[in-house]
Amino acid sequence: MADPEKGKSGLGVRVAENGHALDDDLSEEAVASKLWSVYVSEAEKYDKSLVESWKGDMEGMLIFAGLFSASLTAFIMESYKTLAPDAGESTVQLLTQISQQLSAATDGTALPPLAPKSPFTPPATSLICNALWFISLGLSLSCALIATLLEQWAREFLHRADMHSSPIIRARIFSFLYYGLKRFSMHTVVDIIPLLLHMSLLFFFAGLVAFLLPINTAMAGLAASMLTILLSVYSLLTILPILRLDCPYRTPLSSTCWRVSQYLPMLWRRRHKSPEEIQEQDLKSSTIVDAMAQQAMEKSPARSVRDTRALIWTIKSLADDAELEPLLEAIPDVLWGPNQRRFIYSADIQRLLDTPGLKVHTRIEGVLRNCDSGLLSVEGSRRRRILCLKAMWAIASLRFTLESTDPTSTVSNFSWRPTTLSITRAEHEMRHYLISVRALLQRSTLFNVNLDLKLLQANVNAGRFPDVIVQLQDSKSLVRTGIPMITTTWERERRDRKEGIGMSFSLTTWKNCEILWQPLADSADDAEQFDQAAQNLHAVLSHLILFDYLELSAVYLDSPPYRWDNTLQMITPTHPAPFSALKECLEKALEAVLHSRRDEFDPAKLAWSDIIMRKLCSFWRPHEPMRIPSAIIHYLNASKDDEAFRAINNFHEHDLSHYLWFSFPITLASGSSGQEVTLDQIMTLIWRTAKLPAEWGSPVFRHQSIVAAIANAESSPMSFSTIAMVKSGVLNHLLYPHEPRILLREHELLPTETAVINPSELLDASDSDIFRHEHFQYVFNRISEAKLVLLAEFLVGCTPDFLPYRAEETLHHISSLAPRGPIHRRHQIRLAEGMRNLWTSARVEHHLAKLLEALVHCQIFDVYAERPDRGSCYGSPRHAWLEDPAARENIMGTLAEYTNLNSLCLGLDLIDAATAIMRNLQSLHPPEREFPSSLFTPG
C-alpha cells in the first residue's frame, strides 16, 4: 500500500492514484488566486517596509559598531599592559643593583643579601578596567555580527517569497515565513542588537573611570560624571515613553519596562478585583505601540486640537487646485451621510473656516473660477465644478449645526459673485447644484444677519441709540451682499429668464425692502417693539429665500436639485411672517412656476412642478380675506381630481381650503378685473373645493356671500352646479361638532316645514350632550332632509336646454346623505316631481338619462335598493322614508318607464337596482292600490 504521506506536497495538494485529483485541486486553487492576490499585495507592502526598516537600522549599527570597536581597541592596547609586569621597571631595578654592587666593591664594603622578589599582582583598577573594556569590545563585535546576519536573514526572507509567481504559493510562503518570524521572536532580536551596543558604550565609560582613577583623580571624576549623565539620560529616555506615550524618544528597554509596568498592576487587580473587572482591564493594550494607538484615538479636547492642526497643515501644504481637489471631495462626505447629517467633524471644519490666514472660502471660490480658465478638459472642468459646489453646500450647512450647539457662533460667508454662481449661464447639470448651494448660502448669511440683529437689540436694551443706527446700516449692507434675491444685481437674471418662458418678472428690489427695515429704526427706543420687528424681518427674509429656491427649482429643473430634502428642511422657516410682507413675492413665485408648466408635455417635469406648486400654495395663508392669486386658481383647476388638494391639505383648520373659503367672496366680487381668470374659472375652483371632504374646510360662514355673488352673475350651468355644491358642502359641515349648535337648528338651509317637532330638551342640551343618540339623530335627519330638498331643486333645474356643470358628480355629491328618519311629505313629493321632470327631459335629450342612472345608485335609495355594503350611518338604522303614496307612485312609474324603454341598453346592475327599489317601495309601504306585476319586470 502506498504511503499516504507521499501524496502530499508542501502546499497541501493531494495526488490521487488515478492522477486526476491533482488537476481538480489545482483548478479549484486557481479560482482563489484573486482572493490571495489581495493578501499578497498587502503582505508584500508590510513585509518590505518591515525588512527595509531593519536593514536601515542594521547599517547604522554596523557603522557605529565598527568605529566604536576601533576606538575601543586603541584604549585596550594601553590598558592590557597593566595586567603583566613592566619590563622597563625590571631593567631599572637591575641596573640600580649593579650600580650598588660596583660601588661596594670599590669601597670594600659588603652588600646585604638581596630580598626575594615578590610575584607580580595587577592592581584592582586595572582588572576592572580591562574586564569592562574587553566585555564592551565583545558586545560591540557581537552586535556587528548579529547585524550582519540579520541583514542576510532579511534578504533571504524576501527572496524566498519572491521565488514563485503564483499568488497562492506566494501567499502561503509569505504566511509561513512571517508567522515563523514571529514564532522565533525576530522582533526581539532586532531590539536586542541596539541594546548590546548601548551596553557596550556604558561598559566603556565605566572602564574609563577605572582606567583613570590610579592615574589622575580629577580625570577619573570627569569620566565618572560623564557616565552618570549618560546613565541618567538613558534612564530618562527609557521611562519617558511610558509616562508620555506621544514621546518620540525611546530605548530598547522601554518596551520591557512598559510590560513590567502593566504586569504589576495586573497582579494587584487579580488579587483585589472581580473576574469581570480583571478581564476588562487585562484586555487593554498589551504593547506600548498598542497603547500609543489607543490613546491617539481616544476622544478628547487634545485630539480635537491635534486634528485641527493636522487639517490646517494639510490645507497650507496644498499648493494648487489639483492638490486641493481631494480635500474638496472629502468635505461633503465628512459632514453628510447619504441621507443624514454627520456631526463628529463639524467643529473641526468650522475651526478651519475661522483660522486667520487660511481663507478656505476664498480658495474654494478660486478653484471654482479657475474651471473657466480653459486649461482643463470638459470632463475635468465639470468634475471640479461639482466638487466645489458640493463642498460649498456642505460648509454652508454648518450654520444649522452651530445654531443648535452655540447660538452665538458665526459662519463665514462666501463673497457673492454673479459670474461664479450664475444660474442662467450654467449647464443644466450644474443648475442642480447651484440652486441648492445658493439657497443654503443665503440662509447661512441670514443667520449672521440675525446675530447682528441680536447685537442691535442688546444696544437698544442698553440705551445706545447712535450705535443702533450705525449697526443697522452695517446689517443692511450685509443683507444687500448676502441675500441676492432682494438686490438689484439679480434682477438681470430674472430679465434673462423672462425671454425663456414668455412672461414678465418684477423682483422686489432693495428699495422695496426698506419697508422691512423701517420698523427697526422706528422702534429703536423700545426694546420690545424692536425685538418684534427684528423677528419679523428675519422671518420674512427666511420665507423669501425659500420662495426663491422653490421658484428656481421649478423654472430651471425637471427633477429635484442636489440634496433637495436636506436643503428644504434647513431653509424652511420655523417662525411665521406677516403675510402682507410675503404676498407679492409669493404670488410672483406662483406665477413663475405656473408659467413653467405651460407647453410642457414631459410627465416628469409636470410631476416635479406639482411638488413645487403644492409647497408654495401651502404658504398662502392670508390673515384677512383677499383676492385669490390667479396662479392658484389655474393650478387647482388643472389638477386631476382632488390630488392637489390632498397633497396641500393636512386635515387641520389652517389648510388651503380654509383660506380659499375665506377669500372666495372678495375674489368673486373682483371678477376678472385685474387678474387673468374668468368668473367661470373662479366658480370651477369653488365647485372643486366644495367637493372636498367636510373636514378640509368650512364654507359655513361664507356661503351666503358666495351664493349671492354667484347669483348676481349671469345664470349658467356653472353657477347652477356651484351653488348646489356650496349648499351641499355647508350641510355636510354642519354635522361636525365644532360648529355652534344654533346652526344645526336654525340655519337658513334647513327646511322650515317638517313633520318632526323640535324636542324642547334639545334647546337646553349642553355641549357634552349634543352627541347623545337621540339629539344627534334629530340633527342628522334635519340635514338629510335639507339635502333631499336640494336634490329635488337640482333635478327640476335639469332641462334639455340646461345641463349643469359636471351634473353627475354634482348629483352624487348632494345626494350623499341617506335619510335616517321621517321626511316631510312635501319634500317627498318634490323629489318625485324632480325625477319625473328629469325623465321627461331625458326623452328629448338622451344624455340626461345618465343622471337617472346616477340617481338610482345614490345613497337616498339605499334602504330600498338592498345595498348591504352601505351599512347604517352614525349607528342609526336605515329608515323607509318614502311614506307619501303619491310620491311613491310617481317614482315607481318613472323608474318603470325608464327601465322598460331602455332595458336593452342598460346594465344588469342598474336594472337590478331599479327593480329592487320598485319592489321594496311596495313591500315596505303597503300601497293603497295594487300595481300590476308587469311594473316590476322590464318588458
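- Put simply, the side chain of L208 reaches to within 4.5 Å of the side chain of F75, judged on heavy atoms.
- Taking the six-membered ring for Trp and the full ring otherwise, the centers of W336 and W393 sit less than 6.0 Å from each other.
- At least one side-chain heavy atom of F68 sits under 4.5 Å from a side-chain heavy atom of S136.
- You'll find the side chain of L387 stays beyond 4.5 Å of the side chain of V367, heavy atoms only.
- Ring orientation note: the planes of Y46 and Y178 are nearly perpendicular, at an angle over 60° on the 30°/60° scale.
- Listed for the S49 side chain is no donor-acceptor partner under 3.5 Å among the backbone atoms of K45.
- Taking 4.5 Å as the limit, every side-chain heavy atom of R303 sits out of range of all side-chain heavy atoms of E298.
- Looking at F205 and I229, their side chains never come closer than 4.5 Å, going by heavy atoms from C-beta outward.
- Cation-pi geometry between R341 and F343 is met: under 6.0 angstrom from the ring centre, within 45 degrees of the axis.
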Between S255 and R250, does a side chain to side chain donor-acceptor pair (under 3.5 Å) hold up when you go through it step by step? CA-CA 9 Å; S255 298; R250 63 184 299 269; 2.9 Å; yes
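- The number of heavy atoms from other shown groups lying within 6.0 Å of CZ (R306) is above 12.
- To the nearest 0.5 Å, atom CG of residue D47 and atom CG of residue L181 are 8.5 Å apart.
- Contact annotation: the side chain of L440 approaches that of S397 to within less than 4.5 Å [non-hydrogen atoms, C-beta and beyond].
- Formation of a donor-acceptor pair under 3.5 Å by the S140 side chain with backbone atoms of A65 is found in this model.
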